2 protein chains.
Amino acid sequence: MGVLEAAKTRAAALETAVELPLGQILSGDCVEAMRRLPDACVDLVFADPPYNLQLGGDLNRPDGSHVDAVTDEWDRFDSFAAYDQFTRDWLTEVRRVLKSDGALWVIGSYHNIFRVGAILQDLGFWILNDVVWRKSNPMPNFRGTRFTNAHETLIWASQGEKSKYQFNYRAMKTLNDELQMRSDWLFPICGGGERLKEGGHKVHPTQKPEALLYRVLLSTSERGDVVLDPFFGTGTTGAVAKRLGREWIGCERESGYRKAALARIEKELPLDESALSTMQAGRSAPKVAFGALVEGGLIAPGTQVFDKKRRWTATVRADGSLICDKQHGSIHGLGKELQGAPSCNGWAFWHYEVEGEIKPIDAARQLYLLAAED
Amino acid sequence: MGVLEAAKTRAAALETAVELPLGQILSGDCVEAMRRLPDACVDLVFADPPYNLQLGGDLNRPDGSHVDAVTDEWDRFDSFAAYDQFTRDWLTEVRRVLKSDGALWVIGSYHNIFRVGAILQDLGFWILNDVVWRKSNPMPNFRGTRFTNAHETLIWASQGEKSKYQFNYRAMKTLNDELQMRSDWLFPICGGGERLKEGGHKVHPTQKPEALLYRVLLSTSERGDVVLDPFFGTGTTGAVAKRLGREWIGCERESGYRKAALARIEKELPLDESALSTMQAGRSAPKVAFGALVEGGLIAPGTQVFDKKRRWTATVRADGSLICDKQHGSIHGLGKELQGAPSCNGWAFWHYEVEGEIKPIDAARQLYLLAAED
DNA sequence: CGCCCTTGTGAATCGACGC
DNA sequence: AGCGTCGATTCACAAGGGC
């Protein structure tokens, strides 16, 4: 990067820092609101658009009581074409304000998610996963006419196929008891003390559980990232963002929701430094070069290392490289060459003897990391 | 209906009965093949179209071994537009051959399901549920770059909003231990003895588990219904249809698949004569429904069960309910009724014979749980 | 026969970085 | 943009062999 470009970037960054409405809810239609934001200023978008629910008449429970369903005016669209146009409009604006390595989450049900998914693919977004929110306590199908609608679908997508999106693999694996996090997540629906109510009535018909946003933000954003929610509602995204040390921007048309959201987020407390830093450590374990172990004395130069079946034995050199007959290279590269394999994880492939036991050299790395913690 | 129309309908029904290629696999492109079928002759369609995976380079496991991916020519499309056109074509033909009160199932992944869902809505199909097949043993994400892709999505749709589709609510509730069947289903991927192999290699890259088709056909079709599968592959739909007493028609381009499917279905026995199938038990929720044992093949439909003193004998039905003379119900409900007791633990009450021994049906549950443990 | 260990494999849009 | 280098990654089963 030249001097001029660097100066420009700094200026743009400065301008952005000054102008971005962080911690604010923009009023009015979300497309109009997003137009007030500069290009490529947002790291992550979470969107919970109207579901285009096509409810016929009223819905009653078997005991005759009335189901307080979504009948709000904002959730009615005259046709699929109108809904599609609406979807293209807000997704296009999201695409503009999102950084090129940013990502998008959308949540929906079978009423709208197929249209949203197809349109975002058409716009160039690259789907990374679809994720299923399994509701532990869904509303039953009172009429016994279909399967209990027990899940909603989320789509996680990057700006394009080549984007370098953020994924906190380690944090997710830790959160899931050392197993890879799967694409099906189990959470209860939003209720109890978490559900905003006023005069005994729920403030918003489709308030999302905070646990859902917690996992979304923890998995695909970093501390300090700017998170935009174009359909802010009562501000679950903002509340969880604040808690996790992320910046946030909301868009919301209805002043009642804006007011409730601001009051809610005001009360929210950020997690303290230690809680956040612990997660950070889990998120991206510092990389350790094999050479650092040699340097640190955990593995002496001259140590013999070998694969599990003792087909090959190599010697550790002072610079952290291995030598085996006339071939030499890094722990990964030499393992790969010797096996003729397309790749090799040297940490798992090479073993050494310590106190009479055979251990993968990764054991030494774990010791090193343990010592480095404190 | 006037006299003339009635006569026409009868004639059409007669003609259909004579001409429909029941129990046959039509060769060639499925759109061409379906054109050979009359209008409105099919009760249920199950479709497993190409997913349009668009895979990049090779993928290796962390141990260096190679993943045998779907590289077949039938999964290649030049663009979303080409895939959409293909989808519109076959769905349009499905719509014609399907009865007005018939229904459609489609299965897919995030690569294609959003496009399929939007197009079928555009064509006038009315989505009844989206259903998630949660895989108990999915392939991990080896590179740690995303969430484990642990599910596929099914869409269940009727011909239109007002259609009187078939839904066997009672059967599903019984199958699920007296709880409404939810929209998330847990099954293992197809493997073991169920997976068709030739010379040690899988015959079809994407063979679906029979338990999945079992639930689809049991929930949304009746005995004697005509089930059409436009992407027949190795004939899971046909095999399960035959077992459950449904008629079937398949379409399949590749002669190798057709041959394998016919041989497989030939061996299949209709329900009441069926021996214990080789289907493996799935990983289960802690609570096991009796229906899951039937679905998983641990107890075959048609099995005789009886109380310890052999006062009553009942027959296991395909949905996991029991029938004894004219009374029927769940294992708990029927036991309670027959004894005139206030309640009954069906697991302890009912027994069956296995390898010459009399065991409570709870023994089968224990086996099931054992398989699901670890 | 049972137990333990090893090996194989499944619809997968599966690096990052520097030169 | 292409290429070489460094580096970091897996879960649930089934099947088969050894003892």
Side-chain angles (χ1 to χ4, degrees), chain A residues 121 125-130 157-158 160-162 164-165 167 169-170 173 176-183 284-285 287-291 308-309 320-321 329-336 343-349 362 365, chain B residues 48-72 74-77 80 107-113 133 135-153 188-195 197 200-202 204-209 231 233 278 280-283 371-374:
Chain A
Q121 284 181 314
F125 283 103
W126 189 252
I127 297 181
L128 299 165
N129 275 117
D130 60 337
S158 67
E161 187 176 353
K162 303 293 180 194
K164 299 189 195 336
Y165 56 90
F167 180 56
Y169 177 75
R170 221 21 267 179
K173 193 164 175 177
N176 195 37
D177 212 10
E178 289 306 308
L179 286 180
Q180 284 191 344
M181 185 66 77
R182 297 169 40 115
S183 57
S284 53
K287 285 182 191 176
V288 179
F290 182 66
K308 214 169 184 181
K309 294 182 185 166
S321 68
S330 70
I331 54 171
H332 312 295
L334 183 63
K336 172 181 147 183
S343 71
C344 169
N345 177 0
W347 294 109
F349 179 72
D362 192 52
R365 181 168 62 160
Chain B
D48 182 12
Y51 285 10
N52 191 23
L53 288 185
Q54 303 175 345
L55 301 177
D58 281 2
L59 179 64
N60 295 299
R61 299 187 178 78
D63 67 4
S65 65
H66 185 253
V67 175
D68 183 18
V70 176
T71 51
D72 303 67
W74 49 253
D75 199 44
R76 284 195 209 125
F77 294 84
F80 281 136
I107 183 167
S109 68
Y110 66 84
H111 310 84
N112 71 325
I113 198 65
W133 166 29
K135 302 180 185 184
S136 55
N137 51 347
M139 181 156 65
N141 181 294
F142 300 118
R143 307 299 292 263
T145 55
R146 305 181 179 188
F147 300 99
T148 304
N149 206 346
H151 75 276
E152 294 188 23
T153 301
I189 58 178
C190 181
E194 187 186 321
R195 185 91 196 205
K197 295 198 174 171
H201 292 92
K202 52 190 176 191
H204 195 284
T206 70
Q207 188 182 335
K208 294 291 173 288
F231 307 96
T278 56
Q280 67 199 41
R283 172 168 288 266
E373 252 176 31
D374 310 325

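Note that the structure is predicted; figures quoted are calculated from it, not measured. Reminder, nothing fancy here: chain letters follow the sequence lines and each chain counts from 1.
Mapping B:Asp68 and B:Gln54 onto DNA chain C via the closest heavy atom, the residue that lands nearer the 5' end is B:Asp68. Toward the 5' end of DNA chain C, the nearer of the two residues B:Thr145 and B:Trp74, judged by each one's closest nucleotide, is B:Trp74.
Per the geometry, CZ belonging to B:Phe142 stands 14 Å off P belonging to C:dG8, to the nearest Å. Following rounding to the nearest Å, B:Phe147 (CZ) and D:dC11 (P) show an atom-to-atom distance of 15 Å. Rounded to whole Å, the distance from CD1 on A:Ile127 to C1' on C:dA11 is 15 Å. Summarising the geometry, the separation between CZ on B:Arg146 and P on C:dA12 is reported as 13 Å, rounded to the nearest angstrom. As rounded to whole Å, 16 Å separates atom P of C:dA16 from atom NE2 of A:His332.
Remark: the B:Asp68 side chain and the B:His201 side chain contain no N/O donor-acceptor pair separated by less than 3.5 Å. In the model, B:Thr148 has a side-chain atom that pairs as donor or acceptor with a side-chain atom of A:Gln180 under 3.5 Å.
Applying the side chain to side chain donor-acceptor pair (under 3.5 Å) rule to B:Thr71 yields no partners; only residues at least two apart in sequence or on another chain are considered. Legend: residues meeting ring-ring contact (aromatic ring centres under 6.0 Å, His included) with A:Tyr165, ordered by chain and number and at least two apart, are A:Trp156.
Under 3.5 Å, the side chain of B:Lys135 and the base of C:dA11 form no donor-acceptor pair of N or O atoms. The base of C:dG8 is not paired with the side chain of B:Arg61 by any donor and acceptor separated by under 3.5 Å.
For the pair B:Glu194 and B:Pro209, the minimum side-chain heavy-atom distance is below 4.5 Å.
One finds a salt bridge joining A:Arg170 and A:Glu178 here, because a Lys/Arg side-chain nitrogen approaches an Asp/Glu carboxylate oxygen to under 4.0 Å.
Between A:Trp347 and D:dG7, a side-chain N or O to OP1/OP2 separation shorter than 4.0 Å is absent. Between A:Tyr169 and D:dT10, a side-chain N or O to OP1/OP2 separation shorter than 4.0 Å is present. Side-chain nitrogen and oxygen atoms of A:Lys173 include at least one within less than 4.0 Å of the OP1 or OP2 phosphate oxygen of D:dC11.
Comparing D:dA8, D:dC11, C:dA11 against the side chain of B:Val70 picks out C:dA11 as the nearest.
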Let me have DNA chain C in dot-bracket notation, would you? Count Watson-Crick plus G-U wobble pairs, both distances under 3.5 Å, and use [ ] for pairs crossing earlier ones and | for inter-strand partners.
.|||||||||....|||||
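You'll find the ring centres of B:His111 and A:Trp126 outside the 6.0 Å limit.
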